[in-house]
S.K.: 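My questions will all concern the structure given below.
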Amino acid sequence: MARVVLVTGVSGYLGARVATALQDHPDVERVIGVDSAAPEHPLGRTEFVRAGLHGGGVAAAVRDSGADTVLHLRLAVAPQTAGRARTAENNVLGTMQLLEACQRSSSVRRLVVRSTAAVYGCAHEPRQEVPDAERIRVRRTARPRELTEAAVSERYVRGLGRRRPDLSIAVLRLADLMGPSVESPLTQYLERRLVPVLRGHDPRMQFLHEEDGVEVIRRMALTDRDGVFDVAAPDAIPLSQCLRRAGRSMMLPVPEPGLRVLGSLAGRRRLDYSPERLRQLDSGRLLDCSAVQRALDWSPTYTSQEAFDSYVAGCAVSRTVPARRRRRPLRRA
């Protein structure tokens, strides 16, 4: 029987690409894209439904569409109208509304939730690898807001799994997306003229190319594999090498106490990267992605270095380009 797929977050690049990739699959009859903002990218035959974070728009979209498969890739929150804390709260609110709608729906059978590998970020000592994702506990202090948002959302997803054991649920913890179309807090951080780094540390960076991000979500949507899956390129490159490749050799080493000053700047929206994120970069983590490779019989096409090089090439960031902030349409990773 042909599937009806509902995708949230289609106003962003990743959501739009996933929706258009699914609509061409022979097993998919309809694709419904839901977001609180107008799409910034072509959606093809995807039917767009505008649903706000407040009210019953998201629940109505799930109910009226008759979707049997739901992909939750986050709803848009306009940054100019909400601070970072408010954005995280609204993302959690959107997740709660969607999960409640899935619980009540008699048609939904499959749920795939996009999460982030940042949930591990504050859990490791420097240069420690991740042996078993499920045994990792997230620290209760110094957590980036996106980490808190992801951890809370995953807790709600686990709750839904207990209440609806018949529902097939997969959570994808994606590494930082990288590629020519990605604009995220990380890319904004790397594009600064002076890039603050923790003094005495050179963390390894593990990325996921945007094309691999689209493909893993598409494949996971069309299977019935349950569980939590880490997704990243198999290798990592040092942060210092990333900055050299991006033409940003002017690093600003910051001692641990200096992070308080950066925190104050971040609070006034003058810094795109929080001090908590800087501490996270020091984790030196490497994700074990063997589970998702076995489940989907698939592995990322791009290495972390290739993903980063494609970002640099696409954004024309090199040593020959003046260090200035580029103006691009709002995109979300």
Side-chain angles (χ1 to χ4, degrees), residues 3 5 7 14-15 17-19 21-22 24-28 68-74 102 108-121 123-124 127-138 147 150-151 153-155 157-158 160-162 164-179 204-237 283-308 310 333:
R3 292 191 174 198
V5 182
V7 184
L14 186 66
R17 285 293 314 280
V18 169
L22 283 169
D24 296 327
H25 196 280
D27 293 340
V28 176
D68 54 75
T69 302
V70 174
L71 310 182
H72 183 37
L73 310 183
R74 300 177 191 169
C102 291
V108 174
R109 293 289 180 267
R110 175 68 169 163
L111 172 65
V112 177
V113 179
R114 174 199 177 185
S115 185
T116 170
V119 295
Y120 302 133
H124 307 293
R127 291 168 289 282
Q128 181 182 4
E129 295 190 3
V130 180
D132 186 346
E134 291 308 306
R135 291 185 299 177
I136 299 301
R137 293 185 178 180
V138 178
L147 188 159
S153 297
E154 287 194 16
R155 187 170 71 241
V157 172
R158 290 194 295 273
L160 173 64
R162 290 190 292 271
R164 282 283 307 270
D166 61 310
L167 203 60
S168 173
I169 301 176
V171 176
L172 296 174
R173 290 173 175 167
L174 305 184
D176 283 307
L177 288 179
M178 194 59 68
R204 293 176 296 175
M205 310 292 292
Q206 196 173 18
F207 301 122
L208 180 68
H209 193 276
E210 58 189 40
E211 296 291 341
D212 288 327
V214 172
E215 181 63 13
V216 72
I217 295 172
R218 186 191 71 83
R219 287 174 178 253
M220 191 58 77
L222 299 175
T223 70
D224 57 356
R225 302 299 296 266
D226 296 345
V228 179
F229 302 93
D230 295 333
V231 188
D235 62 332
I237 55 177
S283 66
R285 70 186 189 279
L286 278 180
L287 299 175
D288 178 4
C289 304
S290 57
V292 73
Q293 293 174 7
R294 289 193 302 269
L296 302 180
D297 191 23
W298 166 89
S299 59
T301 303
Y302 294 83
T303 65
S304 290
Q305 180 172 317
E306 290 170 341
F308 191 78
S310 72

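One is the number of the first residue; the rest follow in order along the sequence. Keep in mind that the numbers below use all heavy atoms, side chains included, and drop hydrogens, waters and symmetry copies. Since we're looking at a predicted model, the values are computed, not measured.
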S.K.: Can you tell me how far the CD atom of Q206 sits from the OG atom of S304, to the nearest 0.5 Å?
M.R.: 5.5 Å
S.K.: Can you name the side chain to side chain contact (heavy atoms under 4.5 Å, CB included) partners of E154, sequence neighbours left out?
M.R.: S115, V119, R158, V171, R173
S.K.: Do you know which two heavy atoms are closest between R225 and R294, and how far apart they sit?
M.R.: NH1-O, 4.3 Å
S.K.: If you round to the nearest 0.5 Å, how far is CE of M220 from CG of L296?
M.R.: 4.0 Å
S.K.: What is the minimum heavy-atom distance between H209 and A307, and which atoms define it?
M.R.: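 Minimum heavy-atom contact is CD2-CA, 3.7 Å.
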S.K.: State, with a plain yes or no, whether a side-chain heavy atom of Q293 is found less than 4.5 Å away from one of P300.
M.R.: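 In contact.
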S.K.: Please determine whether side chain to side chain contact (heavy atoms under 4.5 Å, CB included) holds for the pair W298 and D212, giving the CA-CA distance in whole Å, both sets of side-chain angles, and the decisive distance to 0.1 Å.
M.R.: CA-CA 10 Å; W298 166 89; D212 288 327; 4.0 Å; yes
S.K.: Check this for me: R219, atom CZ, are more than 12 non-hydrogen atoms of other residues, nucleotides or ligands nearer than 6.0 Å?
M.R.: yes
S.K.: Are D230 and D288 close enough, and set up right, to give a side chain to side chain contact (heavy atoms under 4.5 Å, CB included), and what steps lead you there?
M.R.: CA-CA 7 Å; D230 295 333; D288 178 4; 5.6 Å; no
S.K.: For R218, which residues count as a side chain to side chain contact (heavy atoms under 4.5 Å, CB included) partner, sequence neighbours excluded?
M.R.: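 Checked R218 against side chain to side chain contact (heavy atoms under 4.5 Å, CB included); matches are A21, L22, H25, E215, L222.
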S.K.: For the atom pair CD (E306) and OG1 (T301), what is the distance rounded to the nearest 0.5 Å?
M.R.: 9.0 Å
S.K.: Applying side-chain contact (heavy atoms from CB on, under 4.5 Å) between F207 and each of L177, L174, I237, T303, report the one that passes.
M.R.: I237
S.K.: Within a strict 4.5 Å, meaning less than it, do heavy atoms of the R164 and I169 side chains meet?
M.R.: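 Counting from C-beta outward, R164 and I169 never come under 4.5 Å.
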S.K.: Test V108 against every option in V70, D166, T69 by the side-chain contact (heavy atoms from CB on, under 4.5 Å) rule and name the one that passes.
M.R.: V70
S.K.: List the atom of L286, the atom of R204, and the distance in Å for their closest heavy-atom pair.
M.R.: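 Reported closest heavy-atom pair: CD1-NH1, 3.4 Å.
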S.K.: Which pair of non-hydrogen atoms, one from R17 and one from V214, has the smallest distance, and what is that distance?
M.R.: CB-CG2, 3.5 Å
S.K.: Hey, does L160 have a side-chain heavy atom less than 4.5 Å from the side chain of C102?
M.R.: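 The answer is yes; the side chains approach within 4.5 Å.
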S.K.: Side-chain contact test, heavy atoms from C-beta onward, threshold under 4.5 Å: evaluate it for E210 versus L14 and give yes or no.
M.R.: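 Contact flag for E210/L14 side chains = no.
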